[in-house]
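One structure below.
Computed from a predicted structure; not experimentally measured.
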Amino acid sequence: MAQTAPFSPDTLMDLLSTVKAPQTGLSLASAGRLESCTVDDGGRLTLTLTVPREQASALSALCDDAAKKLQTLPNVTSATIILTAHRPAGVPDPQPGGHAGSLPPAAAPARPAAGAGHRPLGGAAPAPGTPVLPGVKTIIAVASGKGGVGKSTTAVNLAVGLGMEGLKTGLLDADIHGPSLHRMLGTTGKPDVVEGRLQPVQAWGIRAVSLGMLVDEKAAMIWRGPMVMGAINQLLTDVDWGDLDVMVVDLPPGTGDAHLSLTQKVPLSGAVIVSTPQDIALIDARRGVTMFEKVKVPVLGLVENMSYFCCPNCGHNTELFGHGGARREAEAMGVPFLGEVPLLADIRSSGDSGVPLVIGAPNSEGGKAWRAIAHTVAAAIRVLPH
């Protein structure tokens, strides 16, 4: 359990002031403002500083050495420094009275592309009234009421499947606390930044961006709600998505800040809800449907993931989590049922290997199921108003 650190602000800032940039003399203490400091029962100290956005890159280079200074404090076993940045004056916050989180300084590449100008991400905001994603015709969300039901795996295979249906497709990983789509797509390295805008990674016929492409995989995203919303805003507005027929957005589990932020920021055309068959998962799936109905986003349908286990040796199907619950729930709520996806070892291995199942094993039971779901969603997208 984390608790407020027993160190005075002066003690903390004095330590931070001892680490300075050699060329400028800039320090975290001189440029930053202490926002919070906590220490958990294991002696792990987490310190959050608000810094000027334009100085974030330079200050991030000081964090490792400054953290070592903090580890000299009594009973501190390790230290982590988190930098957040306020938006420039005149740019609205994502919610009244809130403040926007900033993508980590690692979002900027170490070297700009040859011949290309660059600026820090978020350096310019769209003019008021400008569409956030003017080149994107349709935006659909993939959501689940709870974690562990295969939502991200569904989002990846759905997006790649839509690309195989002939739609120009983008995939945005809005699961800020647990970004994983970069691994599922097999991407490595950081995206390029050209003229201050992040360039989506091309993978398996689609364009994709995930916070996991920008931060260390071992880094914990210890961000408050307004910071999460700020990061999602940047992934929408600071990325050069270009022209797309459809953008698939992988939302975090539940019905929280990220969902509301997205529905307020962009015109969602529909949502796909993922659940497993058992009642405890369907309770949360029902909440997800209700949330999208309340914000006037049509539910394109429910997907029943892990619908049954197909034995690779004998071909016998075993209903580990029950079967047909999502279909019955869809019928009860009056929303479409999109299909059943079995529980297969190939699905797990495809996520680890970075090759989506619809590409690596299109004729497997799971590959055929996701292709069919993508075909159904593509048909629904083509008749949606743009």
Are any of the side-chain heavy atoms of Pro200 and Val239 separated by less than 4.5 Å? yes

I'd like to check Ile139 versus Val249 (side-chain heavy atoms, cut-off strictly below 4.5 Å). Are they in contact? yes

To the nearest 0.5 angstrom, please state how far the NE2 atom of His375 sits from the NZ atom of Lys368. 15.5 Å

For Leu49 against Leu28, the heavy-atom pair lying closest together: CD1-CB, 3.9 Å

Check the pair Ile359 / Met164 against side-chain contact (heavy atoms from CB on, under 4.5 Å), numbers first and verdict last. CA-CA 9 Å; Ile359 296 288; Met164 296 169 75; 4.0 Å; yes

Heavy atoms, side chains only, cut-off 4.5 Å: are Trp370 and Val160 in contact? no

On a heavy-atom basis, which atom in Leu357 and which in Ser364 lie closest, and how many Å separate them? CD2-OG, 3.6 Å

Decide yes or no for Leu172 and Asp250: does some side-chain heavy atom of the first lie under 4.5 Å from some side-chain heavy atom of the second? no

Keeping Gln199 on the side-chain end and Arg197 on the backbone end, is there a donor-acceptor pair under 3.5 Å? yes

From Leu15 atom CG to Ser27 atom OG, the distance as rounded to the nearest 0.5 Å: 11.5 Å

In this structure, CD1 of Ile81 is separated from CG of Leu70 (nearest 0.5 Å) by 5.0 Å

Between Ser275 and Asn305, is the side-chain contact (heavy atoms from CB on, under 4.5 Å) condition met? List the steps. CA-CA 6 Å; Ser275 179; Asn305 196 26; over 6 Å; no

Closest contact, heavy atoms only, Val358 versus Asn157: N-OD1, 3.2 Å

Working for side-chain contact (heavy atoms from CB on, under 4.5 Å), residues Val297 and Met291: CA-CA 9 Å; Val297 174; Met291 182 204 71; over 6 Å; no

Taking the side chain as C-beta and beyond, is there a heavy-atom pair between Val303 and Ile273 under 4.5 Å? no

Pairwise side-chain contact, Met247 with Leu133, heavy-atom cut-off 4.5 Å (strictly under): yes

List the atom of Pro298, the atom of Ser269, and the distance in Å for their closest heavy-atom pair. CG-O, 3.1 Å

Could you walk me through whether Val341 and Ile373 pass the side-chain contact (heavy atoms from CB on, under 4.5 Å) check? CA-CA 9 Å; Val341 181; Ile373 290 169; 3.8 Å; yes

Residues passing the side-chain contact (heavy atoms from CB on, under 4.5 Å) test with Val19, sequence neighbours excluded, are Leu62, Asp65, Ala66, Lys69

Atom pair CG (Asn75) and CZ (Phe7), whose distance is rounded to the nearest 0.5 Å: 7.0 Å

Does this structure show an ion pair linking Lys168 with Asp245, if we count only N-O contacts that are shorter than 4.0 Å? no

Taking Thr72 for the side chain and Lys68 for the main chain, is one N or O donor matched with an acceptor at less than 3.5 Å? no

Using atom types as modelled, flag every donor-acceptor pair under 3.5 Å from a side chain in residues 202-214 to any protein atom, sequence neighbours excluded.
{"from": "Trp204", "atom 1": "NE1", "to": "Leu185", "atom 2": "O", "distance (Å)": "3.0"}
{"from": "Trp204", "atom 1": "NE1", "to": "Gly354", "atom 2": "O", "distance (Å)": "3.1"}
{"from": "Arg207", "atom 1": "NH1", "to": "Trp241", "atom 2": "O", "distance (Å)": "2.5"}
{"from": "Ser210", "atom 1": "OG", "to": "Asp173", "atom 2": "OD2", "distance (Å)": "2.9"}
{"from": "Ser210", "atom 1": "OG", "to": "Gly212", "atom 2": "N", "distance (Å)": "3.0"}

Out of Thr138, Leu158, Val246, which one pairs with Thr169 under the side-chain contact (heavy atoms from CB on, under 4.5 Å) rule? Val246

Thr77 side-chain N/O to Gly43 backbone N/O, donor-acceptor pair under 3.5 Å: yes

Tell me every residue that passes side-chain contact (heavy atoms from CB on, under 4.5 Å) with Thr11, counting only those two or more places apart in sequence or in another chain. Ser8, Leu73

Answer whether the closest heavy-atom distance between the side chains of Leu198 and Asp240 falls below 4.5 Å. no

How about Thr38 and Leu47: do any of their side-chain heavy atoms sit closer than 4.5 Å? no

Considering non-hydrogen atoms only, spot the tightest contact between Ala141 and Leu251 and give its length. CB-CD1, 3.6 Å

For a side-chain contact (heavy atoms from CB on, under 4.5 Å) with Val201, tell me which candidate from Thr187, Asp192, Leu171 qualifies. Thr187

For Pro356 and Val156, work out which heavy atoms get closest and say how close. CG-CG1, 3.8 Å

